[in-house]
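Taking it in order: structure first as structure tokens, then the write-up.
A, B, ... follow the sequence lines: proteins, then strands. Residue 1 opens every chain.
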There are 2 protein chains.
Amino acid sequence: MPDTSAKLQPPQDFDALRATILERKGELPKRLTQVAVYALDHPDEIAFGTAASIALSADVQPSTLVRFAQHFGFDGFSGLQLLFRARLRERTSSYEERLRILEQDGAALAESTTIFNGFVAAAHRSIDAIAAAVEPEAFERAVTLLAGADTIYLIAKRRSYPISSYMAYAFGKLKVRCQLVGTSAGIDDDMLAMATARDAAFAVSFSPYASESAAQARSMAARGIPVVSLTDSAFSPLAECSAEWFEVVEADHAGFRSLSASMAFAMALTVSIAEKRRRG
Amino acid sequence: MPDTSAKLQPPQDFDALRATILERKGELPKRLTQVAVYALDHPDEIAFGTAASIALSADVQPSTLVRFAQHFGFDGFSGLQLLFRARLRERTSSYEERLRILEQDGAALAESTTIFNGFVAAAHRSIDAIAAAVEPEAFERAVTLLAGADTIYLIAKRRSYPISSYMAYAFGKLKVRCQLVGTSAGIDDDMLAMATARDAAFAVSFSPYASESAAQARSMAARGIPVVSLTDSAFSPLAECSAEWFEVVEADHAGFRSLSASMAFAMALTVSIAEKRRRG
DNA sequence: GTCAATCTGGAATATTCATTCCAACACTGG
DNA sequence: CCAGTGTTGGAATGAATATTCCAGATTGAC
């Protein structure tokens, strides 16, 4: 029994284990690396699951889990699992602590922490708001409309641009044809001129509205190309020329809005469209 | 078999169980009361322990635990234990409980609605996860580091690009000098070559990692330019070459991840940096 | 291309665990 | 004091689980 790997002292707490794993990740065989990645990325699963269930979702054999544990000096998988459970017990208490701090609001906290907590809270609120504001029927209509289009034109400038750019990326992966409008200067209008009534457009614009986006959406609508839009007010210039439009009010922190809710909406729309196409 | 105690419907979540226990506490026999008290006082023990170990520390027999569970309509002790475990998982996100219901009753709804609800739930979970994962001290260090830089280089490709593009927009509004890397092909490396040790970089990359981003971050680090990064795993190539790095695990819905949490983080970082600069 | 060393998958095994069962016990009402 | 009903402890059981083992596959060196 050449106990080369038998560290007599297995790590005593989760942080030590984590450090050891990261340190030795280079010299690990393939399957053990796979376990290492899974373990650090899904610690909760390790804590709660059984060897069999974890093995399944990490796509390895149960025996590999045992080997992995033994490689780091544990008796078996169970010993390693104990550390993951201990971590969970401690973390929940520290998380509750954090929530308490968040509530009592920090005179004592670093300003960055206050800002961070503020954006986290704002994101939560925004997402709640959009969940309440979007009517399932309207969403379904929008999906049907866009799924039926030959090419989907994505119109967004400035602050909205990250949303359309992410949609363009996702559509690419999902093999849905789309055109991202607003990239390089100049060619936008030429691109839009090629759109036909068999296409459709999705426009995003928040106050203060980029006049260009509104103008482009209007001209599309005038040519019989249906427009779906995401905006932040019923008075938005986009609303009036859209076949369907959705209102998302991103909660702000200190006057700055994040895009968390819009991003969730955009992804839901993107995936729904792809799914509807796939089904015929 | 007088199944007087056989509630056909056992409590479905921890709060319901807790309520039921408290309600019926008076009419419980001695040993079962003992278990009830122990269970509500040491929920974590119930979640992780084995029937034997719990019995030992609650000073009852294992069989009593089973009887206790059955008394409340469960099949056996294991069924009850599941609730305690679920609670521990979901304590991280109080939203999840509410939203899980949204997710699971999708049969009657249009598919697009299910997808939408799924992304809303995933966004909530992601944001909770990042709130728990980001240490205030590390965040403050990252802010200080980036606020002290002459120019902030933003490195991100593909799926991460919307994040850096939004940061670039916000930095522009906030009058913080930055360079967005990854726009047009070719000039990226020339741009990065101009960076000096007085600058800093912020890199974002999620699995599957764009090798370009990692290489650029590494080369920056090698030239003494501090790198802060946002990524989704401790094994990310970004983690090892960063002065500070943050882990955000975006919850996924049907395999697709949105960027809600990353967006909130990015905004918090951006605004914090600007704020720190403004104050000197 | 061959060999040795290491790694991997999956069946076989040993252990641990929850559960059941029954005899002994403690209350309660007559 | 005596049934009768409900409760309790602890051993027996059977299921689930972690662990071990070995043959086959893979990798790396020469």
Q: Please check the phosphate of C:dT20 (OP1 and OP2 only) for any side-chain N or O of B:Ser63 closer than 4.0 Å.
A: no
Q. Roughly how many Å is it from NE2 in B:His71 to P in D:dG6, rounded to a whole number?
A. 12 Å
Q) Hey, is A:Asp44 close enough to A:Arg87 for a salt bridge, meaning N to O under 4.0 Å? A) yes
Q.
So if I take every side-chain heavy atom of A:Lys30 and compare against C:dT8, C:dA18, D:dT19, which nucleotide ends up nearest?
A. C:dT8
Q) How close or far is atom P of C:dG10 from atom CZ of A:Arg31, stated in whole angstroms? A) 10 Å
Q: Nearest whole angstrom, please: distance from the P of D:dT17 to the CD1 of A:Ile54.
A: 11 Å
Q | Separation of atom CG in B:Leu65 from atom P in C:dT19, rounded to whole Å | A | 10 Å
Q. Of the nucleotides C:dA18, D:dT8, D:dA18, which has the atom closest to the B:Ala51 side chain?
A. C:dA18
Q) In whole Å, what is the span from the CG atom of B:Leu32 to the P atom of D:dG6? A) 14 Å
Q. Rounded to the nearest Å, what distance is computed from the CG atom of residue A:Leu56 to the C1' atom of nucleotide C:dG9?
A. 15 Å
Q: Check whether any side-chain nitrogen or oxygen of A:Gln61 sits under 4.0 Å from OP1 or OP2 of C:dT8, and answer yes or no.
A: no
Q. Can you find a donor-acceptor N/O pair under 3.5 angstrom joining the side chain of A:Thr64 to the base of C:dG9?
A. no
Q: Of all the heavy-atom pairs spanning B:Gln70 and B:Gly76, show the shortest one and how long it is.
A: CG-CA, 4.4 Å
Q: Round to the nearest Å and state the distance from A:Arg67 atom CZ to D:dT20 atom C1'.
A: 10 Å
(Q) Tell me whether the rings of A:Phe48 and B:Phe48 are parallel (<30°), tilted (30 to 60°) or perpendicular (>60°). (A) parallel
Q. Is any side-chain N or O of B:Gln70 closer than 4.0 Å to OP1 or OP2 of C:dT20?
A. yes
Q: Would you indicate which nucleotide in C:dA18, D:dA18, C:dG9 comes nearest to any side-chain atom of A:Phe77?
A: D:dA18
Q. Are there more than 12 heavy atoms of other residues, nucleotides or ligands under 6.0 Å from atom CG of A:Asp75?
A. no
Q) For A:Gln81 and D:dT19, what is the distance between atoms CD and C1' respectively, to the nearest whole Å? A) 14 Å
Q. Among C:dC21, C:dA18, D:dT19, which nucleotide sits nearest the side chain of B:Val66?
A. C:dA18
Q: Give the minimum heavy-atom separation between A:Val35 and A:Leu65, together with the two atoms involved.
A: CG1-CD2, 3.8 Å
